[in-house]
Amino acid sequence: MTVDIFEYMPLIIGMEIGSLIALIYIIRRKKSGEPEHDERTEKVTGKAARSTIIVLMLVFLTILGGELLSLIKLEAIEMLAIIFPILLISMVGFVSYYNSKEL
């Protein structure tokens, strides 16, 4: 059995983009000097996680709707390659947004 690496390229690219976004977020967080675990960060992270779940459900709904209407045809690997970066971008974006607001 041979494995064609080019078949998994969308997944690899999606995971690399997601890892890069996570690494940038971790580095920025360390340099900011903010405490990692306190009541405010827990509240901000919780709100960001809830918002990210909503965004992911909308992405799943869009993909499912496109699939049912035969507008798009995605393999599981391609779908994961789309979802990984969206997950990390939305989480980092919502955390940044809620950190800038007064809760």
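No experiment lies behind these values; they were computed from the predicted model shown. Start at 1 with the first residue, then count along the sequence.
Each of V55, T52, V92 was checked for a side chain to side chain contact (heavy atoms under 4.5 Å, CB included) with L87, and the lone residue meeting it is T52.
In this structure, R50 contributes its side chain and T45 its backbone to no donor-acceptor pair below 3.5 Å. In this structure a side-chain-to-backbone donor-acceptor pair under 3.5 Å is present from S100 to Y97.
Applying the side chain to side chain contact (heavy atoms under 4.5 Å, CB included) rule to I53 yields the partners M57; only residues at least two apart in sequence or on another chain are considered.
Counting heavy atoms from C-beta on, the side chains of V44 and F94 never come closer than 4.5 Å.
A distance of 9.0 Å separates CD1 of I83 from CG of L74, quoted to the nearest 0.5 Å. How far CG of L64 is from CE of M79: 9.0 Å, rounded to the nearest 0.5 Å. Separation of atoms CD1 (I17) and CD1 (I13) is listed at 7.0 Å; rounding is to 0.5 Å. Here the CD1-CD1 distance, from I63 to I82, works out to 5.0 Å after rounding to the nearest 0.5 Å. One distance of note links OG of S19 with CZ of F84; it measures 8.5 Å at 0.5 Å rounding. A distance of 13.0 Å separates CD1 in I54 from CG in L61, rounded to the nearest 0.5 Å.
Within the structure, the salt bridge (Lys or Arg N to Asp or Glu O under 4.0 Å) test picks out no pair touching residues 74-92 (sequence neighbours left out).
Under the 4.5 Å side-chain heavy-atom criterion for ILVMFWY residues, a single connected hydrophobic cluster contains both M91 and F60. Hydrophobic clustering (side-chain heavy atoms under 4.5 Å, transitive across Ile, Leu, Val, Met, Phe, Trp, Tyr) groups I72 together with I86.
Of all the heavy atoms in A48 and V95, the pair that sits closest is CB-CG2, 3.5 Å. The two residues K101 and R40 come nearest to each other via the heavy atoms O-NH2, 2.8 Å.
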